[in-house]
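First up is the structure itself, then whatever we jot down about it.
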Amino acid sequence: MSQAVLPAAPAPVALLGRTTTRVVGVAAVIVGIVVFKVTRQQNVPSWLDLHVQRHAQSVYHWIVQNTGRNWFLDAIKSIGNGITWCQKRGLTFLRLLHWTGVVALTFVIGYLRAGWRTATIAAASMFAIGLCGFWDLTMVTLSIMIVAVAFAMLIGVPLGIWSGLSESAERRLRPLLDTAQVMPAYVYLIPCVAFFGIGVPAAIVATLVYAVPPAVRLTSLGLRQVPVVSTEVGMSFGSTGPQLLRKVQLPLARRSVLLGLNQVIMMAFGLVVIASQIGTGDVGVRVLAGLQKLDANLAFSAGFCIVFAAIALDRITTGERSLKPGRPMPKWMADRRALWAAGLAVVVVAALSAKVLSVQQYPSWRVGIGSWAKSVIDWLDKHARHGVPLIGGTDSFNTFLVRDILIPFRSMLQSAAWWLVVGVVTLIGWVSKGWRLALLCALAFTGIAAMHNWDLAMDTLSQVLIAVIISVCLAVPIGVWSGRSRWLETALRPFLDTAQVLPQFVYLVPVVFLFRVGPTPGMIAAVIYALPPGIRLVSLGLKEVPLAPREAAISFGATPRQELIKVQLPLAFKSIMLGINQVILMVLATVIIAGLIGGGALGLEALGGFTKPNIKMGDGVAAGVSIVLLAMVLDRLTQAWGNRSDQEDRPT
Amino acid sequence: MRTRIRTSVRFAATAIAVALVAVSCGSSGKASNATTAPAGTKGPATGAVGTNPAAAGSGAGIKLAVNAWTGSAVNANVAKIVLESKLGTPTTLVALDENAAWVGLDAGSLDANLEIWPSGHAADYQNYITDKKSVVDLGLLGPQAKIGWYVPSFVIDQHPTLATWEGFKDPTLAKLFATANTGAKGQFLMGDPSYVTYDEQIIKNLNLPLQFVVAGSEAALITAIQQAETDKTPLLLQFWQPHWLQSKVKLTEVKLPAVTDACLASAKAADGKYACDYAPDPLYKAANAGLEAKNKKAFDFLKKFQLTTDQQNTIAATIDSDKMDPAAAAQKWVDANPDVVTAWLA
C-alpha cells in the first residue's frame, strides 16, 4: 500500500529486552488459550452496532428517488457528460488513424521516449491486439483507459505534491487512499451509475477511484526522496517555493512519478472487465460473454487483447531512454521538435496508407491464443484433477485445503469471543510497534465488530491468511532464485506481466473447473494475482544488496548458501517484507473475485451492493468498510515488521 | 540554424494538420459504418453496436438494453431491426448488467429493457415504477420463465426417489451432495446472488439435511454443472427455464410442494415461512417514462412487441447452437415472419 518509510518508534520489544519479551510472549499465549477455552463465542453486543447497513441503504434510496429531480445530482451528471465528450474525441482520433496509424503512433512515441527496443515491443503488442481478434472493441477500451489514466494523473500528481510537501496532508490523505484502493469496486459501481449515468462516464469515475492512489503515493514518495542537499542548494540560490518544486524537486522525483504512472495504468486496466458490466460496450463485454458461455477461447482471446493494450500503453508512457554513459546522444537526436514532427509525419503516412491501400479494417490475420489457452485448460482438466502421482490432483488438494486447514482455522476464529480477537490483534500491534499501532489495531477491529458482520469478516480473514501463506511460500523462494539468476528473471518476466494484467475474470472458469466452486478457487486466484509483486520485490531486494558485504563474506570463506542465508537475505529483509505487504494487499483485493466463485464471506456480501442494490447496498457498504479495516491492520502490521528489523539490525 | 528548425517544424506541423483534416473528411462518411461493420462480423452478443446512419433524422434515436443472456439479445435485436427498417428510429444496443439497466432506465440514458424477470426485481419495480414513476411498465413480453430445483438426470436414474423433494429427507441420499465445505450435509448450490431465492427457507421449513451455498455468479454455477456432468458427481442446484444450457446438459427438475396461496402470501410478507415451489415468472418489458413523449411510434411498437416462448427459443438456438451472430439471426427470423412483424405495427 504505502511505500512511505517512516522512522520507526522504538518498539516496546526492544525496550524490554529479549528474555522479558519471551516471558511476556509465552504468558500472553497461555492467557489467550485459557481465555479462549473458558469464554464462548459471543455475539457482538447490539450497542456496538453502528447500523451502517441501514444508513447506507437509506442514503442510496434517497439518491435513487432524487436523481433527475435535484440540481445537485444533475450538476454531478454534467461532469459525466464532460468525461464522455473527452472519451468520444479520443475514440474518433484512434479510428481516424486506422490500425496502421495506431501501431505507427505507438512505435513513434515509444522510439522517441525510450528507444528501439521499447518501441518494437510496444508496437508489436499493439499489433497483436488485432491478431487476437478484437481490434475495434479494444480501441474503445483504449480510449476509455487513456482518458481515465490522464484524469488519474491530473488528480493524483497535484495531490501527491501536496502530500509530499506537507506532513499533515499526508496523514489526512492516507486513510482516504487506503479506502479507495481496497474498497471493492462493486460497492461503488452502481452509485457511480446513479450519479454519472450508465456506460463510459461511470466506468471512468469508478476506474479513477481505484487508480488515483498510486499516483498520489508515488509522487509524494518521490518528493520525499529528493536529497536534502539538492533542495538546500536550490534554496541557497534563492529559489522560491514554486521554483524549487518545478526546477529541483519534481525533476528529481521523475522516476518515482513515472513508476506511479505505470501503477495507475495497471490498476486502471484491472477494472476493465468489471466496468464493462455497466455498459461501456468495449472488449470487456466479450470476456464476460466468454465467461457466461464457458467459452475459454473467447474469454482468453478478449482477455489477451486487454493485456496487449495495457503493455503497449505502459511501455510507451513509462519507458525512458537509457543512455549508456560515455556514449553521447547522436547529434541528429538532439533536436527533439524536428524528431517529433518527423514522427508525426510517419503516423500520418501510415494512417493515410491504410486508406489508400483500402485496409482500413484490421486484416483477418489471427493467432489462436484463445484456442491454445483452451487446449491447455482442457489438458489440465483431463489430467490434473485426479490421478497425479504423489499429490493426487487438484481435487484431493482442494479437499485437504478446505477440510483440514481452512475449516478448522475459520471455526477457531469464529468461535473465539469477538473481544478476544480484538485483544489479540491489539497485543500483536503493541508488540510490533508500540501503543500507536496497538490503538489503530484495536479501533479497526472494533470497527469491524461495529459493522455487524463479524463472522463473515473472520471467514474472510481466515481465507486471506491462508492465501497469503501460500503466496509467500511460493513468492519468497522464486524471488530469491530469480534475484540470483538472470536467466530465470528474464524467463519469468512475461509470465509475471501477464499474471498482473490478465483480467482475473479470464481465469475464473478454469480455476473453478480445477478446484470446484468453494473457497479454494478464490484463494488460488488470489495467489496468482499476488505472486508477481511478491516475486518482483523479493528479487529486487536481493539484487540491491551492496556487493561489498557479500564479497567480504565470500572472502571469509562463506559458501554460496551461507552467503545467501547470513548476508544477502538479512540485508534484503526490508524489501522482502515490503513484498509480503504487497502480497497481503493484493490478496485482499481479490476477496471480491472470490465472492463470485464460491468464496462467500465479505466478498459475496460486498457483491450484494452490485447485484441487489435496492436491498443490499447497505450490506455491501458495510462489508466494504470491513475489508478496508482488515487491510489497514494487515498493512500497518507488516510495515511495522519490516521497519522493526531495520532497527534491530542497526548497530548500537 | 535556430530559425531554420523553427520554420521546418512549423511547416511540418501545418502539413500534418492538413493531412489529418483530409483523413478525417475522407473517413467521416465511413466512420459510422466502421462502428457497425466489424462488430457485426465478429458477432458480439449485443449484435451491431452504433446507429444506422440511413435512418437518421426520422424519429428520435433510442437505446435498448441487452442483458447477459441470449434471450435478451434476441428481443433487442429483433426490435432493433423493426425500429430501424419500419419506423425509421435509429437504435443503439447497450450491453450491460440487469441492475445497472434499471439505473439507466431511470435516468433516461436507456429507453427500454425488453426482458425483465419479475422475481428478481420486485424492489426495482417498487422504487422506480410505483414510487418514483420514472420508469413505466410496458406489459408482458410473452414467455414464462420458471425457476426450480434441478439435478443432472443421471442422478435420478441412479436414485429415482430424488425426483421429488421428499427423497432429500433421507440423510444418506442428501450426503451424496456433500462437499469438503459442507461436511455431513448435502450442498444446495445457487448461482448469481442477484437472482431471487427462497431456497434457504424451503430447506429450513421442509427440514432437509442440506446446506445452502451461493456460488456467486452464473458462470460459476454453469461450471459446476458442466463438471458434475463430466465427473458424474451428484449436484443439486437452483436453475431455470429457458436457459441455453438446458439443451446441452440433461437436467431434471426436482418436484417441490405445489404453490399455494398461503405460500405466496408468505413470500409477499417475507415472514420466512416459504415452503413450496417457485411460481412461474411472466417476463415483462419496461421503458423510461419519457419515451412516449420522445418517440410515440417507437413507444407504441415496444408496448405491442411480444414473442412466444417458441419464437424466442428458435432464434436463441440459431445463436447458441449454430453460432450465428445475434443481429443476423434476428434478421433471418424477421424476414421469415413478416406477419408477426405487421401485427406488432398494426
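None of the values given here were measured: they were computed from a predicted structure. Proteins come first, then strands; the chains are lettered A, B, ... in the order of their sequence lines, and each starts at number 1.
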- Note on the structure: Output for pair (B:D97 CG, A:L189 CG), nearest 0.5 Å, gives 8.5 Å
- Query: Out of curiosity, A:I198 CD1 to B:L110 CG, how far, rounded to the nearest 0.5 Å?
  - Reply: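 Reported to 0.5 Å precision, the distance equals 3.5 Å.
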Would you mind checking which part of [X] comes under 4.5 Å of any heavy atom in chain A, side chain (CB onward), backbone (N, CA, C, O), both or neither?
X	answer
B:V213	neither
B:D106	side chain
B:L189	side chain

For chain A, the option from [options] that forms the most heavy-atom pairs under 4.5 Å:
options	value
B:D192, B:T182, B:V103, B:N181	B:N181
B:G104, B:A123, B:A107	B:A123
B:A100, B:A180, B:A215	B:A215

- Message: Using a 4.5 angstrom heavy-atom cutoff, name the option from A:F610, A:F513, A:F505 with the most pairs to chain B.
- Response: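 Answer, by heavy-atom pair count under 4.5 Å with chain B: A:F513.
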- Would you mind telling me which of A:G603, A:P519, A:A594 has the largest number of heavy-atom pairs within less than 4.5 Å of chain B?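 When all of A:G603, A:P519, A:A594 are compared, A:P519 has the most.
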Contacting region of [X] [heavy-atom separation from chain B under 4.5 Å]:
X	value
A:T520	neither
A:L291	both
A:L607	side chain

- From CA spacing to verdict: side-chain contact (heavy atoms from CB on, under 4.5 Å), B:L96, A:V285: CA-CA 8 Å; B:L96 82 176; A:V285 177; over 6 Å; no
- Could you tell me which non-hydrogen atom of A:L604 sits nearest to which non-hydrogen atom of B:V214, and how far apart they are? CD2-CB, 3.6 Å
- For B:D231 and A:R516 the tightest heavy-atom approach is OD2-NH2, 3.1 Å
- Tell me, do B:T179 and A:T399 make a side-chain contact under 4.5 Å, heavy atoms counted?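 When only atoms from C-beta onward are counted, A:T399 and B:T179 do not touch, as no gap falls below 4.5 Å.
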- Message: Using a 4.5 Å heavy-atom cutoff, which residues in residues 216-224 of chain B come close to chain A?
- Response: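 Residues in range: B:G216, B:S217, B:E218, B:A219, B:A220, B:I222, B:T223, B:A224.
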- Message: Is it true that, when you exclude B:K175 itself, more than 12 heavy atoms of the residues, nucleotides or ligands shown sit nearer than 6.0 Å to its NZ?
- Response: no
- Would the number of heavy atoms belonging to other residues, nucleotides or ligands and lying under 6.0 Å from CZ of A:F400 be above 12? no
- Is there a side-chain contact (heavy atoms from CB on, under 4.5 Å) between B:N127 and A:H61 once you walk through the steps? CA-CA 8 Å; B:N127 264 344; A:H61 193 76; 2.8 Å; yes
